[in-house]
*Asks:* 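Sending over a structure as structure tokens; questions will come in a sec.
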Amino acid sequence: MSTVDLVPLIDEGLGNSAYLVDLGDGRALVVDVSLDLRAAQQAARRRGLTVAFAADTHLHADFVSGARQLSATGGTRVLASAAGHREFRHTGLHDEDEIDLGGLRLRALATPGHTHEHLSFLLLDGDRPVGVFTGGSLLVGSAARTDLITPEQTEPLARQQYASLRRLAGLPDEVAVWPTHGAGSFCSAPPGAQRTSTIGGEKATNPLLRAEGEDAFVAALTGSLGSFPDYFLRLAEVNRRGPAVLDTDPGLPGLDVARVRSLLAEGAQVVDARPVPEFAAGHIPAALSIPLRPVFASWLGWLADPERPLIVVRGDEQDPAEIAWQAAKIGCTNITGELHGGMDAWIGDEQEITATRLVRAEEIDRENVLDVRQVPEFAAGHVPGSTHVELGSLADRAEALPHAPTVVMCGHGERAMGAASLLEQAGHRDLAVLEGGPADWAQATGRPLEHGE
């Protein structure tokens, strides 16, 4: 493995890793940083480093790049593919171009597949390859998805991904593999995977590198693609044009009850970030439940309407800066502010509230059970007879579902409450949310789960 001073900057919510490399002379390189630069800047300050270079492997679909922000505010030199046609100042690189980092060198390797313009960056110490930033090309145990452009380009891109992975596999076995996408990323990484590896390790264990030919590789890769948040289809163009430069940290301006009522009358949407029990006990009618946790950004980008003003409701203990940054890093710019004083202010003004029932597994009787987990989760084990609709597609199918007493469930309750809030918006009543998941049901009832789709 590498002896380079490299700091992984892991975003557990998006399932991604950025990297900071100490160049040894008071300067640093960062790779694939998001607009939420707090972790990168903190790591640089701790080491007394100035971020001199910011390399982007591709036009990220799952987060707003922080490279332009670094360039505008700190004079950082942005390194990216010339084929990306970015509309802001950067150094456009072609295959085999090299950048002198002052002792270390960075070599661009064209590795299309995840996107057309994708580059990997090979880090060299003299002539010795140390590690390769593979972005959305070679992942630990996998390769990134190829269906984020158009359906018609999914297979051609998968064939390019095959060639790109074979190219990377030709590097020396000891070269470190530093991917951007990892476990938890909707860009396709197997759950529980390690976030870094080596070329030799991947050749020995990555099933896609062991596929028997291009056709088998394409079938395996395209056959494993799950759903992804809608906002993925918007952010590549945001990053190509150049995201807006922030003059100040994002925040949540306070809005009094009267202003919130006025905005709601004009079509605004409430996003309630409080924990499930607090939302269940009482919330603004038609509020969308997205509990604040590491994956808040993904579900905000998937479920909230990008065209409607958003009003946040949070608990006193929840950090407004965390909510604002999670929204900013996925390009959610339509948050107007937060309800000042939270639900206490709303209730104190005698405004209407509604509640959602929470139930334990042993309380489920004859109600319909709606499971809103992802397809692989549902297939791995679900309550017998339950209906399955992924949370991400529920809004489009809510009106068609039976208007009958229904228990909504997921793995723990957070997604289920989000689903229940969407169903409430669509006019469903007599809803309950299961506290827990299928394993809790099996334990409480002593009955086996069903498997398969």
*Asks:* Consider only side-chain N and O atoms of Glu322 and Gln326, and report whether a donor and an acceptor are under 3.5 Å apart.
*Replies:* yes

*Asks:* Sort out for me which residue in Val408, Ile364, Val369 forms a side chain to side chain contact (heavy atoms under 4.5 Å, CB included) with Leu434.
*Replies:*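 Result for side chain to side chain contact (heavy atoms under 4.5 Å, CB included) with Leu434: Ile364.
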
*Asks:* I'd like to know whether CZ of Arg27 has more than 12 heavy-atom contacts from other residues, nucleotides or ligands below 6.0 angstrom.
*Replies:* yes

*Asks:* Taking the side chain as C-beta and beyond, is there a heavy-atom pair between Trp299 and Arg415 under 4.5 Å?
*Replies:*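 With C-beta onward as the side chain, the pair touches.
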
*Asks:* Should Pro291 and Glu414 count as side-chain neighbours, where that means a heavy-atom distance under 4.5 Å?
*Replies:*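 Side chain of Pro291 against side chain of Glu414, heavy atoms only: contact under 4.5 Å found.
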
*Asks:* Quick one: does Asp56's side chain have a donor or acceptor within less than 3.5 Å of a partner on His58's backbone?
*Replies:* no

*Asks:* Are the side chain of Ser142 and the backbone of Leu139 linked by a donor-acceptor contact shorter than 3.5 Å?
*Replies:* no

*Asks:* Under 30°, 30 to 60°, or over 60°: which ring-plane class applies to Phe133 and Trp178, parallel, tilted or perpendicular?
*Replies:* tilted

*Asks:* Might you confirm whether atom CD of Gln351 has over 12 heavy atoms from other residues, nucleotides or ligands at distances under 6.0 Å?
*Replies:* yes

*Asks:* May I ask you to check whether over 12 heavy atoms, not counting those of Asp319, lie within 6.0 Å of atom CG?
*Replies:* yes

*Asks:* Can you tell me which residue pairs pass the salt bridge (Lys or Arg N to Asp or Glu O under 4.0 Å) test with a partner in residues 323-345, sequence neighbours excluded?
*Replies:*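 Pairs touching residues 323-345 that pass the test: Asp11-Lys329, Arg314-Glu338.
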
*Asks:* Return yes if some donor-acceptor pair links the side-chain N/O of Gln318 with the main-chain N/O of Gly315 below 3.5 Å, else return no.
*Replies:* yes

*Asks:* Would you say the side-chain atoms of Gln374 and Ser227 include a donor-acceptor pair closer than 3.5 Å?
*Replies:* yes

*Asks:* Keeping Asn334 on the side-chain end and Asp305 on the backbone end, is there a donor-acceptor pair under 3.5 Å?
*Replies:*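 Side chain of Asn334 to backbone of Asp305, a donor-acceptor pair under 3.5 Å: yes, one is there.
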
*Asks:* Evaluate the side-chain contact (heavy atoms from CB on, under 4.5 Å) criterion for residues Leu109 and Leu119: first the C-alpha distance (whole Å), next the side-chain angles of each, then the deciding distance (0.1 Å), finally the verdict.
*Replies:* CA-CA 5 Å; Leu109 303 177; Leu119 291 179; over 6 Å; no

*Asks:* Between Ser164 and Gln160 (side chain of the first, backbone of the second, donor and acceptor by atom type, cut-off under 3.5 Å), is there such a pair?
*Replies:* yes

*Asks:* Under 6.0 Å from the CD atom of Glu266, do we count more than 12 heavy atoms belonging to anything else shown?
*Replies:* yes

*Asks:* Could I get the full list of side chain to side chain contact (heavy atoms under 4.5 Å, CB included) partners for Ala61, not counting sequence neighbours?
*Replies:* Leu148, Phe232

*Asks:* If you measure from the Lys or Arg side-chain nitrogens to the Asp or Glu carboxylate oxygens, is any gap between Glu390 and Arg397 under 4.0 Å?
*Replies:* no

*Asks:* Has Tyr162 got a side-chain atom pairing as donor or acceptor with Leu209's backbone, closer than 3.5 angstrom?
*Replies:* no

*Asks:* Please check: side-chain N/O of Arg145 versus main-chain N/O of Gly226, any donor-acceptor pairing under 3.5 Å?
*Replies:* yes

*Asks:* Give a yes or no on whether the backbone of Thr154 and the side-chain of Asp147 come within a donor-acceptor separation of less than 3.5 Å.
*Replies:* no

*Asks:* So, do His181 and His114 have ring centers that fall under 6.0 Å from each other?
*Replies:*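 Yes, the ring of His181 comes within the 6.0 Å limit of the ring of His114, centre to centre.
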
*Asks:* I'd like to know if the side chain of Asn16 pairs up with that of Asp32 as donor and acceptor (distance under 3.5 Å, no hydrogens or angles considered).
*Replies:*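 Side-chain D/A pair, Asn16 to Asp32: absent.
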
*Asks:* Give a yes or no on this: more than 12 heavy atoms of other residues, nucleotides or ligands lie within 6.0 Å of atom CD of Glu453.
*Replies:* no

*Asks:* Once rounded to the nearest 0.5 Å, what's the spacing between atom CE of Met417 and atom CG of Leu431?
*Replies:*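 Taking CE in Met417 and CG in Leu431, the distance rounds to 10.0 Å.
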
*Asks:* Atom CG of Leu93 and atom CZ of Arg107: how far apart are they, to the nearest 0.5 Å?
*Replies:*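 The CG atom of Leu93 sits 13.0 Å away from the CZ atom of Arg107.
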
*Asks:* Going by atom types only, do His118 and Thr111 share a side-chain donor-acceptor pair under 3.5 Å?
*Replies:* yes

*Asks:* Please tell me whether Ser289 and Asp272 have a donor and an acceptor in their side chains that are separated by less than 3.5 angstrom.
*Replies:*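 No, no side-chain donor-acceptor pair sits under 3.5 Å.
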
*Asks:* Show the numbers, then the answer: is there a side-chain contact (heavy atoms from CB on, under 4.5 Å) between Thr406 and Asp430?
*Replies:* CA-CA 7 Å; Thr406 300; Asp430 206 355; over 6 Å; no

*Asks:* Are the side chains of Ile284 and Leu264 in contact, using a 4.5 Å heavy-atom criterion?
*Replies:* yes

*Asks:* Any sub-3.5 Å donor-acceptor pair from Arg47's side-chain atoms to Ala43's backbone N or O?
*Replies:* yes

*Asks:* Given side chain to side chain donor-acceptor pair (under 3.5 Å), test Gln153 with His116 step by step and report yes or no.
*Replies:* CA-CA 10 Å; Gln153 295 183 61; His116 290 291; 2.3 Å; yes

*Asks:* To the nearest 0.5 Å, what is the distance between CG (Leu157) and CD (Glu152)?
*Replies:*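 Result: 11.5 Å between the selected atoms.
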
*Asks:* Evaluate the side-chain contact (heavy atoms from CB on, under 4.5 Å) criterion for residues Leu300 and Leu310: first the C-alpha distance (whole Å), next the side-chain angles of each, then the deciding distance (0.1 Å), finally the verdict.
*Replies:* CA-CA 10 Å; Leu300 180 68; Leu310 302 180; 4.2 Å; yes

*Asks:* How about His340: does its NE2 atom have over 12 heavy atoms from other parts shown lying under 6.0 Å from it?
*Replies:* no

*Asks:* Going by salt bridge (charged side-chain N to carboxylate O under 4.0 Å, His left out), Glu87 matches just one of Arg68, Arg240, Arg241. Which one?
*Replies:* Arg240

*Asks:* Strictly distance-based, threshold 3.5 Å: is any side-chain N or O of His90 a donor or acceptor partner for the main-chain N or O of Phe88?
*Replies:*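 Checking the backbone N and O of Phe88 against the side chain of His90, a donor-acceptor pair under 3.5 Å is found.
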
*Asks:* With no hydrogens and no angle check, do the side chains of Arg77 and Thr91 hold a donor and an acceptor under 3.5 Å apart?
*Replies:* yes

*Asks:* Would you say His283 and Glu424 are linked by a side-chain donor-acceptor pair, where the criterion is simply a distance under 3.5 Å?
*Replies:*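 Their side chains do contain a donor-acceptor pair, which is all the 3.5 Å distance test asks for.
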
*Asks:* If you count the non-hydrogen atoms of other residues, nucleotides and ligands that lie under 6.0 Å from NE2 in His412, is the total more than 12?
*Replies:*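 Incorrect, the count does not exceed 12.
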
*Asks:* Could you go step by step and tell me if Asn368 and Val407 meet the side-chain contact (heavy atoms from CB on, under 4.5 Å) rule?
*Replies:* CA-CA 6 Å; Asn368 296 313; Val407 174; over 6 Å; no

*Asks:* So with a 6.0 Å cut-off around CZ of Arg308, is the heavy-atom count from everything else above 12?
*Replies:*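 More than 12 heavy atoms, drawn from other residues, nucleotides or ligands, come within 6.0 Å of this atom.
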
